[in-house]
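Comments concern the structure below.
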Amino acid sequence: MCRYERNILIEKIGKKGQDKLCNSRVLVCGAGGLGSCVIFNLASLGVGNIGIVDNDKVELTNFNRQYIHKMSTLGKDKVYSAKLAINEYNPEINVISHNIWLNNQNVQEYFSMYDLIIDCFDNYYSKFMLSDAVVRTDKTLIHGGVEEFMGQVCVIRKNTACLACFIPELYNCPHDIKIKKGIISPVVSTIASIQSMEAFKIITGIGSILENTLLMYNGLNQEFKKLHIKKNVKCPSCAYIN
Ligand SMILES: [Zn+2]
């Protein structure tokens with residue numbers, strides 16, 4: 001517990017909150033830009049069990065924003081590289097690598113192993129697949145997205161607005177279309193840190209979370225905006241559930 005002394009010193013966390021963090025199970029979907037920052041944040045908070053799902057390999061073009069990976073793991077599986085980094089940083093954390101393509105057929109099986117899911121994927125197909133899956137369970141999903149100088153975060157549950165509620169025009173996007181726009185590291189780490197803060201609050205039960213609220217960040221003028229979102233009665237994903 002010496003490692004977490006400064007966490008525990010915060011009265012609202014204390015030993016009880018730290019125990020919740022140490023006993024929690026979080027699945028990080030994607031070990032790229034957002035994922036690498038989220039994984040480090042979770043490990044420093046002391047989240048005891050971190051699942052990482054990704055089937056990509058470490059490439060040199062990742063290095064403008066993915067600092068969990070090192071030159072020594074170039075060309076290796078991202079889940080292996082991420083696990084290696086966390087084992088060295090905090091060996092008390094149980095890191096579970098899932099070197100698979102998460103899809104509609106297997107997503108519920110992986111969700112069932114975790115309390116909380118964090119969307120760090122880089123393509124709309126996978127982001128909608130997570131959102132679709134979570135509104136059909138009792139799990140919670142922390143969505144995050146980044147593009148150029150902008151980013152966004154929201155929390156999705158069965159009874160909240162889902163991703164397709166507020167961007168229905170991108171629903172049914174083919175699975176091989178990646179978000180190929182440029183991105184810089186400070187925007188990625190800002191959004192990843194907000195996702196990590198949401199995870200912290202959900203696990204410990206402290207504070208209010210971004211349910212039915214889309215937090216939007218513009219790095220160029222350092223502006224945060226909160227947009228109220230609500231369930232869309234014509235949503236192609238969640239309108240006909242229940
Ligand atoms: Zn919806």
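Counting starts at 1 for both ligands and their atoms, in listed order.
Taking the six-membered ring for Trp and thresholds of 30 and 60 degrees, Y110 and H98 have ring planes more than 60 degrees apart, a perpendicular arrangement. Using cut-offs of 30° and 60° on the angle between ring planes, the pair F40 and Y67 is parallel.
Shown here for T213 and I229, the closest heavy-atom pair between the two residues is N-CG1, 3.6 Å.
Tally of protein N, O or S atoms closer to the Zn ion (ligand 1) than 2.8 Å: 4.
Contact check on D115 versus K139 returns no salt bridge, with no Lys/Arg side-chain nitrogen under 4.0 Å from an Asp/Glu carboxylate oxygen.
Note on V79 and V58: separate hydrophobic clusters, where clusters join Ile, Leu, Val, Met, Phe, Trp and Tyr whose side-chain heavy atoms are under 4.5 Å apart, directly or indirectly.
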Hey, mind stepping through D77 and N99 against side-chain hydrogen bond (donor to acceptor under 3.5 Å, both in side chains) and telling me if it holds? CA-CA 8 Å; D77 293 332; N99 190 11; 3.0 Å; yes
